[in-house]
Student: 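Before we start, here is the structure in question, set down as structure tokens.
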Amino acid sequence: MVLTWEYCLLACTPMSGLDDEGIRISGQLVCPSGTKQLEIHSPAPSPLAAIGQLLNELGADGWELVAFDTTTNRGVFKRPGF
């Protein structure tokens, strides 16, 4: 049995000061099935903590983080292909 992988790319921008409290993350997830716009609001005290929340949500959807660049806020994910 050959295991294949499905990959996706994440580009996100954490923003603070736009809402009364917390961090807003706007991003784009590019997967084989298409492109999805993401936006989450987090009460996290820092942008990296808010990105951590987003990464956990992607993990709950079966995506495994392969690499993440904290200087550009871009990540690569994989999960078993179908």
Student: Verify the distance criterion only: is there a donor paired with an acceptor across the side chains of E39 and S26 at less than 3.5 Å?
Tutor: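 There is no such pair (donor and acceptor under 3.5 Å, judged by atom type) between the side chains of E39 and S26.
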Student: What pair of heavy atoms forms the shortest contact from Q53 to P43, and how long is it?
Tutor: OE1-CD, 4.4 Å
Student: Does K36, at its NZ atom, have more than 12 non-hydrogen atoms belonging to other residues, nucleotides or ligands within less than 6.0 Å?
Tutor: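 12 or below, so no.
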Student: Mind checking the CZ-CG spacing from R79 to L58? Nearest 0.5 Å is all I need.
Tutor: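 Answer for the CZ-CG pair, R79 versus L58, is 9.5 Å.
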Student: What's the verdict on side chain to side chain contact (heavy atoms under 4.5 Å, CB included) for F68 and I51, showing C-alpha distance, side-chain angles and the deciding distance?
Tutor: CA-CA 11 Å; F68 191 84; I51 290 171; 3.7 Å; yes
Student: From E6 CD over to W63 CH2, what is the distance, rounded to the nearest 0.5 angstrom?
Tutor: 4.0 Å
Student: About how many Å separate CG of N73 and SG of C12, when rounded to the nearest 0.5 Å?
Tutor: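 Here the interatomic distance stands at 4.5 Å.
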Student: To the nearest 0.5 angstrom, please state how far the CG atom of L38 sits from the OG1 atom of T13.
Tutor: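 It is 11.0 Å, given to the nearest 0.5 Å.
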Student: Please round to the nearest 0.5 Å and tell me the distance separating atom CG of L10 and atom CG of D69.
Tutor: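 Those atoms lie 11.5 Å apart.
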Student: As an exercise, state the distance from CG of L55 to CG of L48, rounded to the nearest 0.5 Å.
Tutor: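 The CG atom of L55 sits 9.5 Å away from the CG atom of L48.
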Student: Evaluate side chain to side chain contact (heavy atoms under 4.5 Å, CB included) for I40 paired with E57, printing each intermediate quantity in order.
Tutor: CA-CA 10 Å; I40 66 166; E57 289 179 17; 3.9 Å; yes
Student: Can you name the side chain to side chain contact (heavy atoms under 4.5 Å, CB included) partners of Q28, sequence neighbours left out?
Tutor: V30, T35, Q37
